[in-house]
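Before any comments, here is the structure.
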Number of protein chains: 4
Amino acid sequence: MVVGELNSPGGSSRNTRREQILAAARTLFAGSGYDQTSISDIATAVGVADGAIYKHFTSKREILYEVIREFYEPVIDMAATNVEGMSGIRERLRYLIWLQLRAFTEQPELCRLIIAEARPMEDYYESRIADLNRRYTTLLVEVVEDGQRAGEFNDDIDAAMVRDVVYGGIEHVAWGAATGRRSVDATRVADSLTSLICNGLERRTDRDGLLADAVDRLEHVADRLER
Amino acid sequence: MVVGELNSPGGSSRNTRREQILAAARTLFAGSGYDQTSISDIATAVGVADGAIYKHFTSKREILYEVIREFYEPVIDMAATNVEGMSGIRERLRYLIWLQLRAFTEQPELCRLIIAEARPMEDYYESRIADLNRRYTTLLVEVVEDGQRAGEFNDDIDAAMVRDVVYGGIEHVAWGAATGRRSVDATRVADSLTSLICNGLERRTDRDGLLADAVDRLEHVADRLER
Amino acid sequence: MVVGELNSPGGSSRNTRREQILAAARTLFAGSGYDQTSISDIATAVGVADGAIYKHFTSKREILYEVIREFYEPVIDMAATNVEGMSGIRERLRYLIWLQLRAFTEQPELCRLIIAEARPMEDYYESRIADLNRRYTTLLVEVVEDGQRAGEFNDDIDAAMVRDVVYGGIEHVAWGAATGRRSVDATRVADSLTSLICNGLERRTDRDGLLADAVDRLEHVADRLER
Amino acid sequence: MVVGELNSPGGSSRNTRREQILAAARTLFAGSGYDQTSISDIATAVGVADGAIYKHFTSKREILYEVIREFYEPVIDMAATNVEGMSGIRERLRYLIWLQLRAFTEQPELCRLIIAEARPMEDYYESRIADLNRRYTTLLVEVVEDGQRAGEFNDDIDAAMVRDVVYGGIEHVAWGAATGRRSVDATRVADSLTSLICNGLERRTDRDGLLADAVDRLEHVADRLER
DNA sequence: AATGAATGAGTATTCATTCAT
DNA sequence: AATGAATGAATACTCATTCAT
């Protein structure tokens, strides 16, 4: 699977009736929102009777969850796979940030769907979508904890808070894009955000100390030489 | 106005009918959510007829916005006032983060209302609430830009992105509290988040400069000795 | 209240909106059955919007129950009042039988409604209709028990069984009328049924006693003659 | 066929697909009611596809009728056979009452099915079930008419009314059992009901007269002998 | 005999808002 | 300021039955 094919996952695009329904729902949900899209709208778009929808899905909400899953799962699978094959802490962090940012800014409507429609739902936290999300955010938490264990990152800061800051930040940025109030260059923002977070986390004191010592010694040498 | 009185703003608590309606709506919205609360529920709670509500508000949504404003405006006023009187960049940043975090974690239901009910609404970005929010986030952007101008902060990083990261992070943390999945110590989280962001933003170039200066001097000394 | 006005009870016919709805529902339920009558049908018949119905009734079922109550309650009130003022056991029995039979055969559609639509409903036995019915059948049970206490009726037979037989019989007769398969003369059937039940219940022991006495005396005489 | 085998009629239990469907339907109808049981439920219980059901039955209603028939027909066959072989009017009456009462109280769910689900159906009176019922009730009418022709029963009372009273009574008693509000001892109730009906029907006046005459004459003889 | 996907009609209920009084 | 009756649109879901395979 290639980065460029986020939404055409080989296996599921067999254009079964199920896929047709999901495709129609994706378009309609993205265009008009979940509440404004009726089962009848979806059925009409597919060209079947209303009742046929229920041969493939048990409820409208299930359709929403599946639409989101089809979009989100490949991103997460890719993230999990690739993060494993990357070496540096910072590298991995940047990748996770960039991937999510890219997915959300390229599909701002699906971003809106997740944030504004799915997440406020009562049973969201028991849904597969929440599971996916947890899988994703766990990847980042683990990278941060790796960084802390390796002594590269300051371990005073709670990794869960870093996760909230990163994904909260991504969501705010993407939400701006989703509501059409801003355009976003995923790569630039990812770099910038990675910098901010990594600098913020880096164990400063020691390196600073070493550096300061080196500078001091240089100064002394210079003084002596001058004299 | 004192920190401890976030929700009893002097001027507006004159217990007029308008205030009674807002008080009832606040309780009901917080308890059952916006959609699940009907105008009838509010009218009944106040003890008036349904129609009477519309003598004071033009729509149900306006009530929501006013409920949020009553909660949010004092926080922002306080932020604007106090931030002005503070000296250090970091100090001001920490204060803004802490105030928002505290407001959201102390009133998780209102936090939920803003994030999950008000913001997804179509006309949210034309509403007074969005204005309030902009006023608030602008405070933070200005502090960051001050820091950048003062040379304290790296100005490679877009202040708007910092704003998204900070408020996105705060919201994620508070949302966890609002949905009852986590308990939050506002002060600790604020400290931690401030650290992360400030460290992330701080200019390293100073030390580079020192180093460069030292090297320069060494070179001069070497020159002179050579001569 | 007079027998002839079973369904025009003074107080309730004020032609309020509520009464209009009940009147329309009565007609429609009687004509097409409960399931086949939609709320829209009723609203249209009254000349109001669908939603207006719910200002007066909480559910379609409540309308059914009220239709039945309006028909049934006066019958029961009358029964309770008049039975009290009657002297003979048999007289009272006949009256109760006749009244129910008359109500059911004069309003066969409402009879059908009670038996075939209301009674099979899940919550029927918790409804006001079941209460009414219990009040009614209790009247008969009490008359039978009075008869048993007075020595007029055989107390070997369970009064509750008599009640089941009487009301079951009435329903079968009335159901035949309701389904249009038979025409019924309430007075003749009431007389006949009263006869059957009273004869069935009457104590025979008296005559046995007389016979035994006579035989005793004959034996005594025979004894004396022998001596 | 023996009384104890009411529901295992030899011929039909060949466990054909048809019988499997009926068995599943019987269980499901009894447990959840006719309306609450879908064709899919039945098909799933049998382990075939929905469409397969229609190879054996033309409609859901036909299944209901067959379920009832399988239960009811043996009872009626037995009644017809045994009533013929019985001598006394009262004996036969008691048997018919007892048999129906026993069937209904032993299978209260099927009793409910007949009374509350099948009978209110529009085409019930054109169905085989109504035929069965007529055959059954005719047996009783004939016994009563035999009694009247033999002079044992009063012929003022319409035999059809007696039928309604008896079966109406049985149904009320059984319905109480079916809805779980009462427990019933079929034999005791049958005896009691038979007593009530027979006493109610017995030609009283003549026999009473004869008896009274006999007693009078005995008294006179005794008097004369004494004197 | 069996499959099982497709049909498509049918409906109770809610509620923000209005307006005549 | 207040009333409160009236509006009326809007919609997910079920299921007996069919039919091409």
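As the structure is a computational prediction, the values presented were derived from the model and not from experiment. Order of the sequence lines fixes the chain letters, A, B, ..., with proteins taken first and strands second; residue numbering starts at 1 for each chain.
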Report the distance from atom CD1 of I42(B) to atom P of dT3(F), rounded to the nearest whole Å. 15 Å
Judged by each residue's nearest nucleotide on DNA chain E, which is more toward the 5′ side, D35(B) or G51(B)? D35(B)
Sugar-phosphate, base or nothing in reach of K60(D), heavy atoms under 4.0 Å: sugar-phosphate
Do the numbers put K60(D) on top of the ring of Y34(D), so that NZ or CZ is under 6.0 Å from the six-membered ring centre and no more than 45° off the axis? yes
Sub-3.5 Å donor-acceptor pair from the side chain of T58(D) to the main-chain atoms of Y54(D), do we have one? no
Are any non-hydrogen side-chain atoms of I63(B) and I53(B) less than 4.5 angstrom apart? yes
Under 4.0 Å, counting only non-hydrogen atoms across every strand here, what does T58(A) touch: a base, just sugar-phosphate, or nothing? nothing
Taking the nucleotide of DNA chain E with the closest heavy atom to each, which residue, T37(C) or T37(B), is nearer the 5' end? T37(C)
Distance alone, cut at 3.5 Å: any donor-acceptor contact between the side chains of Y125(A) and N133(A)? no
Side chain of S59(C) (C-beta onward), nearest among dC13(F), dA12(E), dT13(E): dT13(E)
Options dA2(E), dA16(E), dA16(F), nucleotide nearest the side-chain atoms of R17(D): dA2(E)
Would you kindly give the CZ-to-P distance between R61(A) and dC13(F), to the nearest whole Å? 9 Å
With a non-hydrogen cut-off below 4.0 angstrom, is I39(A) in contact with a base, only sugar-phosphate, or nothing? sugar-phosphate
When G47(B) and Y34(D) are each assigned the nearest nucleotide of DNA chain F, the 5'-most assignment goes to G47(B)
For atom C1', what is the distance between dT21(F) and dA1(E), given to the nearest Å? 13 Å
Picking from dA2(F), dT17(E), dT3(F), which would you name as closest to the side chain of A49(B)? dT3(F)
Among the candidates dT7(F), dA2(F), dA16(F), find the nucleotide nearest to the side-chain atoms of K55(C). dT7(F)
For DNA chain F, whose closest nucleotide is more 5', that of D50(A) or that of D50(C)? D50(C)
Does the distance from a Lys or Arg side-chain N to an Asp or Glu carboxylate O, for R128(D) and E73(D), drop under 4.0 Å? no
OP1, OP2 of dA6(E) versus side-chain N and O of H56(A): anything below 4.0 Å? yes
